[in-house]
Asker: 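Would you mind keeping the following structure in view while I ask a few things?
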Amino acid sequence: MTQISTTDNPNWWREAIIYQVYPRSYLDTNGDGVGDLPGITDKLDYIASLGVDIVWLSPFFKSPMKDFGYDIADYCDVDPMFGTLADFDRLVARAHSLGLKIMIDQVMSHTADTHPWFVESRSSRDNPKADWYVWADPLPDGNPPNNWLSVFGGSAWQWDTRRKQYYMHNFLVSQPQLNFHNPEVQQAHLDAQRFWLERGVDGVRMDACVFHFHDRQLRSNPPALVRDTSTVTDVNPYGMQAHIYDKTQPENIAFLQRVRAQLNEFGAVSIGEVSSDDALAQMAEYTEGGDKLHMAYSFNLLTPQFTAAHIRKQVEDFNERVKDGWASWSVGNHDAVRVMTRWGGLDATPALAKLVLAMQLSLKGTPCLYQGDELALTEADVPYELLQDPYGITFWPEFKGRDGCRTPMPWTSQAPNAGFTTGTPWLPVAEPHLAASVQQQDLDPDSMLNFQRRFIAWRRSMPQLTRGEIAFFDAPEPVLALRRDLEGHDSVLAAFNLSNAPVSFDWPASAGATPLDAHGLPGDAANGKLTLPPYGAWFGALAGA
C-alpha cells in the first residue's frame with residue numbers, strides 16, 4: 001500500500017513512483033482478447049501492492065485504433081473496447097480508495113482522421129474548422145510544400161482530394177496534425193482536459209508534446225549534423241533531418257503555461273514526453289520556472305547503451321542544463337524493447353532486473369516503471385504474420401516494431417493465455433512469460449516481483465533517495481557509483497555492478513560508511529574496497545558528508 005503524503009507536500013510528485021499500464025494488454029474481462037478498464041480496476045490491489053503512487057493509463061479514448069489509441073476520435077469518451085465512462089469513474093474511485101493516483105495520456109498534437117473535427121476540416125476550405133489542422137497548397141510541380149518527414153515513415157504530408165491540399169501528419173497518415181496556432185484548437189484541448197480533471201484525474205502525461213506547433217512559414221528542415229538514433233532507429237530516415245521547423249516551436253511555451261494553470265486549479269500534475277534533437281534543451285524550457293510541465297519524461301535511458309558512463313552522463317547533463325526542472329527516468333515503456341532484452345541480451349536473468357530497478361530508483365528524479373518489468377519479462381518474439389504495429393510492419397525486418405513489449409501480462413501459468421483473456425488475445429502470450437507469471441512470483445520470496453515490493457518499501461524509508469541531491473564518483477566500468485545528499489540526513493553511497501561478472505575496486509569514500517541492509521542486493525565493502533558479484537550492489541550511510 002502506498003504511503004506518500006500529499007497534503008502538506010506540494011512537491012509530493014518528486015517522491016512518487018509512476019507505474020505505466022498499457023490497457024490493451026493488462027487484463028481482459030469480457031473475452032474479446034483486449035484488456036479493458038474493468039480489468040485494470042480488478043488489478044488495482046495488485047498495483048497498490050507494488051508500492052507505487054501514480055498509475056499512468058495509456059490511451060483508452062474512442063479511437064479507430066490504427067495506432068492503438070494514440071489516434072483519438074473523441075477526447076471525452078471511452079472506446080467501447082475498453083468500457084464506459086462509468087467504468088472509468090469506478091476505476092478512479094477504487095484507485096483513490098487505495099491511495100493511488102490516476103494519470104491519463106493526453107495526445108494533443110494530432111487526432112484520428114475519423115475525429116469530427118477533421119471530418120469537418122477536410123470538407124472544404126471555408127468551414128468553421130477549416131484552419132483547425134495544418135493544411136498547405138502543393139508546390140507548383142505538385143510536390144508537398146517542404147521536406148518534413150513522418151516518424152513512422154515517408155513524407156509528413158498527405159494529399160487530400162476534397163480540399164486539393166496537403167495535410168500534415170507527424171506519425172501515421174491517419175493521424176492529421178492539429179494547428180495549434182489556432183486559439184480555438186488550444187481551447188478545445190483545455191476543455192477536454194478539464195472534462196477529465198473534473199472526473200477526478202490526478203495528472204496528465206502529455207504525449208508528443210514537442211509536436212504541438214509547427215513553423216508558420218513551412219520552412220524545410222536542414223540535414224542533421226549528427227544523425228539522431230535516440231528517438232528513432234538507424235533504419236529510419238527521420239533521424240537524418242534536424243527537426244527545427246516541424247516541432248519544438250517557441251509558441252509551445254505559452255500553451256504549456258495555460259495547461260499548467262488549469263492543472264493547478266485541481267492540484268494535478270503533468271509529465272511531458274520530450275523527444276527532440278536536443279531533448280535536454282526542451283526539458284529545460286518546458287520544466288523550468290514551475291509554471292509549465294511538472295516533469296519531463298526522458299528517453300535517454302530507453303536506448304541500447306548500458307554502461308555506467310552513459311547513465312552518469314544522462315543524469316549529469318540533465319542536472320547541469322535543466323537546473324530547477326525535474327526528470328522522470330524510465331528504462332522501459334510501450335514503445336521500447338523490454339529492458340531485460342535491450343540491456344541483458346539473450347542471457348538476461350532476474351538478477352539484472354533487480355539491479356536495474358535499484359539503480360533506476362536511486363537516481364534523482366521520479367521513476368516511471370512499465371508493466372511487466374516487475375516480473376523481469378523479456379521482449380516477446382512476435383512473428384511477422386501476427387504483428388499489429390504499423391510502425392514495425394513498415395520497417396520490418398530491421399525494426400520489428402513495438403509489439404514485443406506490448407504482449408499480455410501473464411497473471412498465471414495455468415490458465416489459458418496466462419489468465420489474461422478467455423478469448424483470443426490481440427497479441428500472443430509469450431511462452432517464456434508463463435514461468436514468470438504473477439502467481440508464480442507471488443509464491444517465491446526471491447522473485448523479481450517480491451524484490452520490487454521490498455525495494456520500493458525500503459526506498460520510501462530513505463528520503464535521501466527520493467529528495468536528495470546526486471553526485472557521481474569515478475569508478476571503473478561497469479560500476480556506477482553515486483552519492484545522494486539531503487540536509488539533516490547522512491549521505492547515502494551506492495555502487496552498482498552493471499555486468500554479469502564479479503568486480504572489485506577501491507572506493508576510499510566507502511571506508512567511513514556504515515553498510516545499509518534490507519535493500520536485498522549482494523555486495524561487500526571492507527577498508528575502502530568494494531566487491532560486487534554479478535549484478536550486485538552496495539549501499540552505505542556516510543555521516544557528515
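Everything numeric in this text was worked out from a predicted model, so none of it was measured.
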Asker: Side-chain donor-acceptor contacts of residues 278-286 below 3.5 Å, not counting sequence neighbours, with atom names and distances?
Answerer:
| residue | atom | partner | partner atom | Å |
| --- | --- | --- | --- | --- |
| Asp278 | OD1 | Ala281 | N | 3.4 |
| Asp278 | OD1 | Arg321 | NH1 | 3.1 |
| Asp278 | OD1 | Arg321 | NH2 | 3.2 |
| Asp278 | OD2 | Arg321 | NH2 | 2.8 |
| Gln282 | OE1 | Ser276 | OG | 3.1 |
| Gln282 | NE2 | Glu285 | OE1 | 3.3 |
| Tyr286 | OH | Asn252 | ND2 | 3.1 |

Asker: Tell me, please, which residues at least two apart from Ser121 pass side-chain hydrogen bond (donor to acceptor under 3.5 Å, both in side chains).
Answerer: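 By the side-chain hydrogen bond (donor to acceptor under 3.5 Å, both in side chains) rule, Ser121 matches Trp135.
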Asker: Would Asp246 and Asn221 count as having a side-chain donor-acceptor pair, cut-off 3.5 Å?
Answerer: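 Result is yes, a qualifying pair exists.
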Asker: Asn500: what forms a side-chain contact (heavy atoms from CB on, under 4.5 Å) with it, not counting sequence neighbours?
Answerer: Tyr535
Asker: Does anything in residues 337-355 form a side chain to side chain donor-acceptor pair (under 3.5 Å)? List the pairs, not counting sequence neighbours.
Answerer: Arg338-Asp373
Asker: Are Asp67 and Phe152 close enough that some pair of their side-chain heavy atoms sits under 4.5 Å apart?
Answerer: yes
Asker: Answer yes or no: is there a side-chain heavy-atom contact under 4.5 Å between Leu172 and Pro390?
Answerer: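 Yes, at least one pair of side-chain atoms sits under 4.5 Å.
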Asker: Can a donor-acceptor pair be found between the side chains of Ser174 and Asp113 at a distance below 3.5 Å?
Answerer: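 Side chains of Ser174 and Asp113: no pair found under 3.5 Å.
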Asker: Between Trp56 and His334, what is the ring plane arrangement, given parallel below 30°, perpendicular above 60°, and tilted in between?
Answerer: perpendicular
Asker: Distance under 6.0 Å and angle within 45° of the ring axis: does Lys101 meet both against Trp13?
Answerer: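 The answer is no; the distance or angle limit is not met.
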Asker: Quick check on the 6.0 Å ring-centre criterion: do Phe171 and Tyr70 meet it?
Answerer: no
Asker: Hydrogens and angles aside, do Thr29 and Asp36 bring a side-chain donor and acceptor to less than 3.5 Å of each other?
Answerer: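 Checked: Thr29/Asp36 side chains pair up, N/O donor to acceptor below 3.5 Å.
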Asker: So Val21 and Ile47, do their side chains get closer than 4.5 Å, heavy atoms only?
Answerer: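 SC-SC contact between Ile47 and Val21 confirmed.
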Asker: For the side chain of Asp53 and the backbone of Ile17, is there at least one donor-acceptor N/O pair under 3.5 Å apart?
Answerer: yes
Asker: Does the side chain of Leu57 reach to within under 4.5 Å of the side chain of Phe88, using non-hydrogen atoms?
Answerer: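 They are in side-chain contact.
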Asker: Could you tell me which residues satisfy ring-ring contact (aromatic ring centres under 6.0 Å, His included) with Tyr166, sequence neighbours excluded, listed by chain and number?
Answerer: Trp159
Asker: I'd like a table of donor-acceptor pairs (distance under 3.5 Å, sequence neighbours excluded) in which one partner is a side-chain atom from residues 297-305, with atom names and distances.
Answerer:
| residue | atom | partner | partner atom | Å |
| --- | --- | --- | --- | --- |
| Tyr297 | OH | Ser330 | OG | 3.1 |
| Tyr297 | OH | Asn333 | ND2 | 3.0 |
| Ser298 | OG | Asn300 | N | 3.0 |
| Ser298 | OG | Asn300 | OD1 | 3.3 |
| Asn300 | ND2 | Gln314 | OE1 | 3.0 |
| Thr303 | OG1 | Gln305 | OE1 | 2.8 |
| Thr303 | OG1 | His310 | NE2 | 3.3 |

Asker: Sub-3.5 Å donor-acceptor pair from the side chain of Asp87 to the main-chain atoms of Pro38, do we have one?
Answerer: no
Asker: Please set out all donor-acceptor pairs under 3.5 angstrom arising from side-chain atoms of residues 425-433, sequence neighbours excluded.
Answerer:
| residue | atom | partner | partner atom | Å |
| --- | --- | --- | --- | --- |
| Trp426 | NE1 | Arg24 | O | 3.2 |
| Trp426 | NE1 | Ser25 | OG | 3.1 |
| His433 | NE2 | Thr378 | O | 2.8 |

Asker: Using 0.5 Å steps for rounding, measure from the CG atom of Asp335 to the CZ atom of Arg402.
Answerer: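 Going from the CG atom of Asp335 to the CZ atom of Arg402 covers 5.0 Å.
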Asker: Partners of Tyr19 by ring-ring contact (aromatic ring centres under 6.0 Å, His included), sequence neighbours excluded?
Answerer: none
Asker: What I want to check is whether the side chains of Asp403 and Gln388 have a donor and an acceptor closer together than 3.5 Å.
Answerer: no
Asker: Do Pro59 and Val107 come within less than 4.5 Å of each other through their side chains, counting heavy atoms only?
Answerer: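 Yes, close enough: below the 4.5 Å cut-off.
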Asker: Can you tell whether the side chains of Asp160 and Arg122 come within less than 4.0 Å, N to carboxylate O?
Answerer: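 Looking at Asp160 and Arg122, the cut-off is met.
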Asker: Under the side-chain contact (heavy atoms from CB on, under 4.5 Å) test, which residues partner Phe399, sequence neighbours left out?
Answerer: Thr233, Val235, Tyr391, Phe395
Asker: Answer yes or no: is there a side-chain heavy-atom contact under 4.5 Å between Phe306 and Val339?
Answerer: no
Asker: Determine whether the side chains of Asn146 and Trp157 contain a donor N or O and an acceptor N or O closer than 3.5 Å.
Answerer: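 Trp157 and Asn146 do have a side-chain donor-acceptor pair below 3.5 Å.
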Asker: Any ion pair linking Asp77 and Lys62 (charged N to carboxylate O, less than 4.0 Å)?
Answerer: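 No.
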Asker: Going by the rule side-chain contact (heavy atoms from CB on, under 4.5 Å), which residues pair with Ser437 if we only count those two or more places apart in sequence or in a different chain?
Answerer: Pro410, Ser413, Gln439, Gln440
Asker: Is the closest side-chain heavy-atom distance between Trp411 and Lys43 below 4.5 Å?
Answerer: yes
Asker: Sequence neighbours left out, what passes side-chain contact (heavy atoms from CB on, under 4.5 Å) with Asn143? Give chain and number order.
Answerer: Leu139, Asp141
Asker: How would you list, by chain and number, every residue that makes a ring-ring contact (aromatic ring centres under 6.0 Å, His included) with His115, sequence neighbours excluded?
Answerer: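 Partners of His115 by the ring-ring contact (aromatic ring centres under 6.0 Å, His included) criterion, ordered by chain and then number, come out as Tyr75, Trp117.
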